[in-house]
Engineer: 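For reference, the structure I am asking about is given below.
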Amino acid sequence: MSATHRPASIDAVATTTRLLVRSGIEIGHTLEAMLADGDPITTEVQQGERLFLSRLLHVDALQGSFVVACTASKEANLALLTSAATTFTCNHRGAHYGFVATAPREAEHEGSAAIRFAFPVALFAHQRRAQPRFQMPPVVPLRCEIDWGPLSFDAQVVDVSLDGIGTITYDTGIHLPTGTRLTGVRIVHPERSPVIVDLEVRYSCRVLGRDGRPALRSGCRFLGAPEDLDDLIRLFVTDLDAKP
């Protein structure tokens, strides 16, 4: 990801909003942008008595981890390594972010001492508003109903980012070549009206599904009317300021 990535919700009016982002793709985009900019990240250790000030060294959403540099303080490094979880904060391109880091372990990055963490499952943001107000994401998977020529099959929406890039998983008996255009895909949620979009396949790979069985995963661009894409993205981004 290039250093030019800029979350769309940062460049707008002076009104602020608080977001909770659960899209792994969007979290990856943001952490990679922090890495590219060299933004400092901080967390408190030893019950708030010491500040751990560092920076990101590596972000790998596919492998599910990120790496931060060790500090000059051995005590702060050890305190972080022995913490079950810690919350990092970062000021990035006009917004203030927070994300929880878990499973710390010693690592090395390009010859320097480092600490590796599990990839965060959520990202909190206080930022200027330019996106619509988002609702709470679902606790159930989203199902895709796909008709591809004579073949009909179901897939599961795993993720969608603010710029319309997402991933789906489906049966290993189906092969979707790169560049395949899937039209009129129905994305079904049990408590909402279906969202109709087109999907353009960017890549495919084998993975283990949420049930632990082999599956195929395809990265796709979601194409559709702006209001349909907004409806879909609302399922993955929470506006903590939204009124009921």
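Nothing fancy with the numbering, it's 1 onward along the sequence. Below, all heavy atoms of this structure are taken into account, side chains as well, without hydrogens, waters or symmetry copies.
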Engineer: Does the plane of the ring in Tyr97 sit parallel, tilted or perpendicular to the ring in His92? Use 30° and 60° as the thresholds.
Structural biologist: tilted
Engineer: Give the other cluster members for Leu78, using side-chain heavy-atom distances under 4.5 Å between Ile, Leu, Val, Met, Phe, Trp and Tyr residues; answer none if it is isolated.
Structural biologist: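 None; Leu78 is a cluster of one.
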Engineer: Given Cys70, which of Asn77, Leu57, Leu80 fulfils the side-chain contact (heavy atoms from CB on, under 4.5 Å) condition?
Structural biologist: Asn77
Engineer: Would you say Arg202 has more than 12 foreign heavy atoms packed within less than 6.0 Å of its CZ?
Structural biologist: yes
Engineer: Just checking Glu106: does its CD atom have more than 12 heavy atoms from other residues, nucleotides or ligands closer to it than 6.0 angstrom?
Structural biologist: no
Engineer: Give the minimum heavy-atom separation between Leu81 and Pro104, together with the two atoms involved.
Structural biologist: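 Shortest heavy-atom separation between Leu81 and Pro104 comes out as O-CG, 3.5 Å.
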Engineer: Between Asp198 and Thr183, does any side-chain donor sit less than 3.5 Å from a side-chain acceptor?
Structural biologist: no
Engineer: Taking Thr102 for the side chain and Ala85 for the main chain, is one N or O donor matched with an acceptor at less than 3.5 Å?
Structural biologist: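 Judged by distance alone, no pair lies under 3.5 Å.
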Engineer: Can you name the ring-ring contact (aromatic ring centres under 6.0 Å, His included) partners of Phe119, sequence neighbours left out?
Structural biologist: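 Listed in chain order: nothing, the list is empty.
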Engineer: Could you check whether any side-chain N or O of Ser218 sits under 3.5 Å from a backbone N or O of Cys220, counting only pairs where one atom can act as donor and the other as acceptor?
Structural biologist: no
Engineer: Which atom pair, heavy atoms only, marks the closest approach of Ala118 to Phe66?
Structural biologist: O-CE2, 3.3 Å
Engineer: If you define the side chain from C-beta out and look only at heavy atoms, does anything of Leu182 sit under 4.5 Å from Leu176?
Structural biologist: yes
Engineer: Is Arg186 salt-bridged to Glu145, cutoff N-O under 4.0 Å?
Structural biologist: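 So Arg186 pairs with Glu145 through a salt bridge.
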Engineer: Whether the side chain of Asp171 engages the backbone of Gly173 through a donor-acceptor N/O pair (distance < 3.5 Å, no angle test) should be reported.
Structural biologist: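 At least one qualifying donor-acceptor pair exists.
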